Amino acid sequence: MEKFTVEEFQSDFDNLLERVEGGESFIITSEGKEVVIMPAEDYDLIVDGIEEHDDLIRIHTDHEEGC
């Protein structure tokens, strides 16, 4: 995944945002911190996967058996 500083992202904002809308994701860095900009569809897939994983953990751990 390509990385850009905030300043680099801002200077090429229209082009990079168009690339995100086309399906690409980028890491944006600022003062040692990183964030990811990605298409909403990709984010939804990640969140859905986490929620499903959480449910699997819950059904195997949230019970009184074996305590």
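Note that this is a predicted model, so its numbers are computed, not measured.
How far OG1 of T29 is from CZ of F4: 10.0 Å, rounded to the nearest 0.5 Å.
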Practice item. Check the pair L16, I37 against side chain to side chain contact (heavy atoms under 4.5 Å, CB included), reporting the backbone distance first and the verdict last. Key: CA-CA 10 Å; L16 293 174; I37 184 168; over 6 Å; no

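Annotation: side chain to side chain donor-acceptor pair (under 3.5 Å) contacts of E41 (sequence neighbours excluded): none. Applying the side chain to side chain donor-acceptor pair (under 3.5 Å) test to N15 and every residue at least two apart in sequence or in another chain returns D12. Listed by chain and residue number, nothing satisfies the side-chain contact (heavy atoms from CB on, under 4.5 Å) test with E31 (two or more places apart in sequence, or in another chain). Applying the salt bridge (charged side-chain N to carboxylate O under 4.0 Å, His left out) rule to E18 yields no partners; only residues at least two apart in sequence or on another chain are considered.
Clustering ILVMFWY residues whenever any of their side-chain heavy atoms sit less than 4.5 angstrom apart, transitively, puts F9 in a cluster other than the one holding M1.
With contacts defined as side-chain heavy-atom distances shorter than 4.5 Å, the pair E8/K3 does not qualify.
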Only pairs under 3.5 Å count here: list side-chain donor-acceptor contacts from residues 19-28, not counting sequence neighbours, and write none if there are none.
{"from": "R19", "atom 1": "NE", "to": "E24", "atom 2": "OE1", "distance (Å)": "3.3"}
{"from": "R19", "atom 1": "NE", "to": "E24", "atom 2": "OE2", "distance (Å)": "3.0"}
{"from": "R19", "atom 1": "NH2", "to": "E2", "atom 2": "OE2", "distance (Å)": "2.6"}
{"from": "R19", "atom 1": "NH2", "to": "E24", "atom 2": "OE1", "distance (Å)": "2.9"}

